[in-house]
A.B. asks: 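Sending over a structure as C-alpha cells; questions will come in a sec.
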2 protein chains.
Amino acid sequence: MQSALLRSIDQAGIRLTGPRRAVAGLIAKRDGHFTAADLVVDARRRRVEVGRATVFRLLDLLVAERLVERVDLPDGSHAYVPCEASHHHHLVCTSCGVIAEVDDCGIDAVTTEAARRTGFKIDAHRLELFGRCGDCKRKRG
Amino acid sequence: MQSALLRSIDQAGIRLTGPRRAVAGLIAKRDGHFTAADLVVDARRRRVEVGRATVFRLLDLLVAERLVERVDLPDGSHAYVPCEASHHHHLVCTSCGVIAEVDDCGIDAVTTEAARRTGFKIDAHRLELFGRCGDCKRKRG
DNA sequence: TCACAACTGAGACTCAGTCTCACTCTATCT
DNA sequence: AGATAGAGTGAGACTGAGTCTCAGTTGTGA
C-alpha cells in the first residue's frame with residue numbers, strides 16, 4: 001500500500017528513491033507538526049538509515065511543491081506540516097501542538113485595506129493563529 | 001539629545017547601562033528591519049565595544065517590552081523592527097526591506113470565523129504581509 | 001541493458017542563539 | 001559622598017539547525 005503523500009510526491013515529478021520513500025513514510029506516520037530533527041530521530045529509532053542532509057533536502061522539495069508547509073512557531077522555531085496544496089492558514093494549539101487548517105476566510109479584505117493605507121502592492125501573506133483546540137479547551141476549562 | 005527608543009527603554013524600567021545605550025543608539029540609526037548580527041557588525045564598525053551576548057539580551061528585553069518586534073522573513077530568517085507598543089502588523093517590502101506598520105484592519109473577523117470553523121479558542125495571531133512598497137513599485141513598474 | 005543525471009551519506013562547516021563565570025557597574029540607601 | 005546588593009557585562013565555549021562538498025550509488029528513459 002502506498003501513502004497519499006508518496007503518491008503526491010510521484011505526481012509532483014520528484015524522483016522516488018529508497019531514502020525518500022522511507023522519509024515519506026515517517027512523515028505519513030506523524031500527527032500534527034514535526035521538525036526535521038524529529039524525523040531524524042524517528043529514522044534512527046526505527047533503524048531506517050537516512051542521512052540528515054537527505055531529510056533536509058526532501059523537506060525543501062516538499063515545501064517547494066507545497067506538499068508540506070513550514071510554520072513558524074511562536075517561540076521562533078520552525079516546524080513542518082503536511083498539507084493540502086491550496087492556499088490556507090494554520091491554527092496551532094499551543095497546548096497539545098495539534099494543527100488545524102482553514103482556507104481563506106476573509107483575509108483578502110484585510111490585505112486590500114492594508115495595501116490601500118500603505119501604498120504597498122501585496123504579493124504574499126502569512127497568517128498564523130495560536131490558541132487552544134477544542135479538546136484542550138474542554139480539559140482545562 | 002536622547003533618542004525616543006532610549007526614553008522608552010527607561011520608561012519600561014530597563015536599567016540604562018553604557019552598552020545598552022550604545023546598542024539602542026545603533027538601533028535608532030537603523031532604517032527598516034535588522035538582525036542581531038547586523039547590530040554586532042555595526043558595533044564593530046563604529047568601534048563600539050559590546051559583546052554579542054549583550055546584543056541578544058537587550059533584544060530579548062525589548063521584544064518582551066514590545067519596543068521591538070521579531071519578524072519572520074519569508075526565507076525563514078528572523079529580523080527585528082523597532083515599533084509602537086500597540087498591536088499591529090508588518091508589511092515587508094521584499095525588494096528594499098523597508099517595513100510599514102498597519103494597525104488592526106479587520107483581522108478580528110477572520111480570527112472569529114476561523115475559531116468558529118475549527119472549535120479553537122484563539123489567543124494570539126501573527127500576520128505578515130509581503131510585497132513591494134510604493135517606491136519600488138514605481139521604479140520597477 | 002546502459003548511460004548519465006540525479007541522488008546519497010558522512011562529516012566538516014557555518015551561523016544564530018544560549019550559557020557560564022568571574023568581573024564591573026548602576027541605582028539606591030544611608 | 002561612600003557602601004553595597006544585585007543586575008549587567010564580555011569572552012568564549014557550547015548547542016543545534018541547516019548547508020555544503022565530494023566520492024560513490026541508484027533510478028529512469030532510451
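Heavy-atom basis, side chains included; hydrogens, waters and symmetry copies ignored. Here is how names work: the chains are called A, B, and so on, in the same order as the sequence lines, proteins then strands, and each is numbered from 1.
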A.B. asks: Expressed as a whole number of angstroms, how long is the span from B/His78:NE2 to D/dG16:P?
C.D. replies: 17 Å

A.B. asks: Quick one: list whatever passes side-chain hydrogen bond (donor to acceptor under 3.5 Å, both in side chains) with A/His90, sequence neighbours left out.
C.D. replies: A/His88

A.B. asks: For B/Asp123, which residues count as a salt bridge (Lys or Arg N to Asp or Glu O under 4.0 Å) partner, sequence neighbours excluded?
C.D. replies: B/Lys121

A.B. asks: Answer yes or no: is there an ion pair linking A/Asp135 with A/Arg138, defined by an N-O contact shorter than 4.0 Å?
C.D. replies: yes

A.B. asks: Kindly compute the distance separating CG (A/Leu6) from CG (A/Leu16), expressed to the nearest 0.5 Å.
C.D. replies: 5.5 Å

A.B. asks: Let me confirm one number: the CZ-CG distance from B/Arg15 to B/Leu61, rounded to the nearest 0.5 Å.
C.D. replies: 12.0 Å

A.B. asks: Mind running a 4.0 Å heavy-atom check of residues 38-49 of chain A against DNA chain D and sending the residues that fall below it, in number order?
C.D. replies: none

A.B. asks: Measure from CG on A/Leu59 to P on D/dG18 and round the result to the nearest Å.
C.D. replies: 9 Å

A.B. asks: Can you list every ring-ring contact (aromatic ring centres under 6.0 Å, His included) pair that touches residues 50-80 of chain B, not counting sequence neighbours?
C.D. replies: A/His78-B/His78

A.B. asks: Sequence neighbours excluded and cut-off under 3.5 Å, please list the side-chain donor-acceptor pairs for residues 34-47 of chain A, or say none.
C.D. replies:
| from | atom 1 | to | atom 2 | distance (Å) |
| --- | --- | --- | --- | --- |
| A/Thr35 | OG1 | A/Ala37 | N | 3.4 |
| A/Thr35 | OG1 | A/Asp38 | N | 3.0 |
| A/Thr35 | OG1 | A/Asp38 | OD1 | 3.4 |
| A/Thr35 | OG1 | A/Asp38 | OD2 | 3.3 |
| A/Asp38 | OD2 | A/Thr35 | N | 2.9 |
| A/Asp42 | OD1 | A/Arg30 | NH2 | 3.0 |
| A/Asp42 | OD2 | A/Arg30 | NE | 3.0 |
| A/Asp42 | OD2 | A/Arg30 | NH2 | 3.3 |

A.B. asks: Is the shortest side-chain heavy-atom distance between B/Asp103 and A/Arg117 below 4.5 Å?
C.D. replies: yes

A.B. asks: So if I define the base as every atom that isn't primed, P, OP1 or OP2, how would nucleotides 19-30 of chain D read as a B/S/- string at a heavy-atom cutoff under 4.0 Å?
C.D. replies: BBB-----BS--

A.B. asks: To the nearest angstrom, how far is B/Leu61 atom CG from D/dA7 atom P?
C.D. replies: 13 Å

